[in-house]
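Structure first, then comments.
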Amino acid sequence: MNAATREKPFSLAKSRRTIQWLVVIGTIVLGLRHIMPGEASRGGSFDSFCAFGGIETLLPYLFSGHTLKSTNLLNFSVLLGTLGVSLVAGRAFCGWLCPLGAMQDFITDWTRNISGEARHIRGKESKSLLPLRLPASIDRPLRYAKYLVLALVLFASLYAAFPPLREFCPVRAFFGLKMTTLLWLTLVVFLAGSTLVERFWCKYFCPLGATLAIFNKISPVRLVADSHRCNNCGRCDIECSMGIEDVPGKLSDPECIRCLECLETCTRDNALALRVLKT
Amino acid sequence: MKIHPRYYPAIIIAAYVVFLLLGILLGFGPERGGEGHGRGALMQLACLTLESLA
Ligand code: SF4
Ligand code: SF4
Ligand code: SF4
């Protein structure tokens, strides 16, 4: 086969970016639909397409038989889709299909570009000033905040008329196109946070990520490391947007978003592999 | 069993679509009126089963 006809090697990272852009464009379309009149009578408001809306409205629905205002039954199907992905492949929704996760990845790319890294070399420590990695003494305890947010939202949902996170939701702030003062504030905090720390919202505050974290332990499709082939070069750690240290030893960590950037980065054949169970 | 990473995007998108459609088929679909709906088909079934057991 000559060079002109040789098949291009498959790039996971490029497929991921393509899917993320498609998800973001789809969410922008939902946002545009949201500012047109009468959307609720045409299948539900912006909120009703949100997986986390399904969690926010679950307890009220079970106890009273009614969903919260601005949500409807579709939220449960969107949630089921998200849980389905997680049941099969852990937090792959976060790594591939979440519009907010995608925006944070894009912000990181742009931030790196404008803060000193013209072109990122995979597996090499970035030369850019931003984003920062918080010291472990702050990073580790802060990671539990998302579980607290989840518990607070579930509790508040029992007494709320609207989904409790609605006025602080970065998805609405980014894509909803109907801004309030609180949503502007949310947007500013989200943008500043994501510029300073990679996947800031996912690491510390996202209650949907907190819900999906458990699935990394049980999903059949998983990443597996071969300790005989891995030479502990640390390239995968550098590329992990969730800041997991010692990636080969922590492949079912609740923080892993199954983005497979580590797999893409590893240069040792089969040191990391995607498997069904550990077979 | 090893999976080629090439199939990974298809696996997760398929899982999402299958479970989303399952939810819609179970009655958790977009309904006219937009919000504040009563129980869906599955929940009705679960409630009826519980009531008949009680
Ligand atoms: S943690 Fe939350 S915001 Fe981040 S990708 Fe997952 S669902 Fe999206
Ligand atoms: S899994 Fe690959 S990239 Fe990661 S430490 Fe081992 S050899 Fe290096
Ligand atoms: S461990 Fe690998 S798959 Fe998990 S978040 Fe880090 S880079 Fe992505």
Engaged part of [X] at the chain B interface, taking heavy atoms whose separation is under 4.5 Å:
| X | value |
| --- | --- |
| F93(A) | side chain |
| N75(A) | neither |
| V78(A) | both |
| R16(A) | neither |

Review point. When heavy-atom pairs shorter than 4.5 Å are enumerated against chain B, which of L97(A), T82(A), V85(A), L87(A) gives the highest number?
Key: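 Between L97(A), T82(A), V85(A), L87(A), the count favours V85(A).
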Point to revise | Contact winner vs chain B - G54(A), P60(A), A92(A), heavy-atom pairs under 4.5 Å | key: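 The residue among G54(A), P60(A), A92(A) with the greatest pair count is A92(A).
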Could you grab the distance from atom [atom1] of [X] to atom [atom2] of [Y], nearest 0.5 Å is fine?
| X | Y | atom1 | atom2 | value |
| --- | --- | --- | --- | --- |
| L274(A) | H4(B) | CG | NE2 | 10.5 Å |
| I24(B) | S77(A) | CD1 | OG | 5.0 Å |
| I12(B) | S219(A) | CD1 | OG | 11.5 Å |

Point to revise | Under 4.5 Å from a heavy atom of chain A, the part of L21(B) involved | key: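 Contact with chain A involves no heavy atom of L21(B) at all.
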Practice item. Locate the shortest heavy-atom distance separating F19(B) from G81(A); write the atom from each residue and the value. Key: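 Heavy atoms only, the tightest pair is CB-CA, 3.7 Å.
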Point to revise | Working for side chain to side chain contact (heavy atoms under 4.5 Å, CB included), residues I13(B) and I19(A) | key: CA-CA 10 Å; I13(B) 291 170; I19(A) 291 173; 3.9 Å; yes
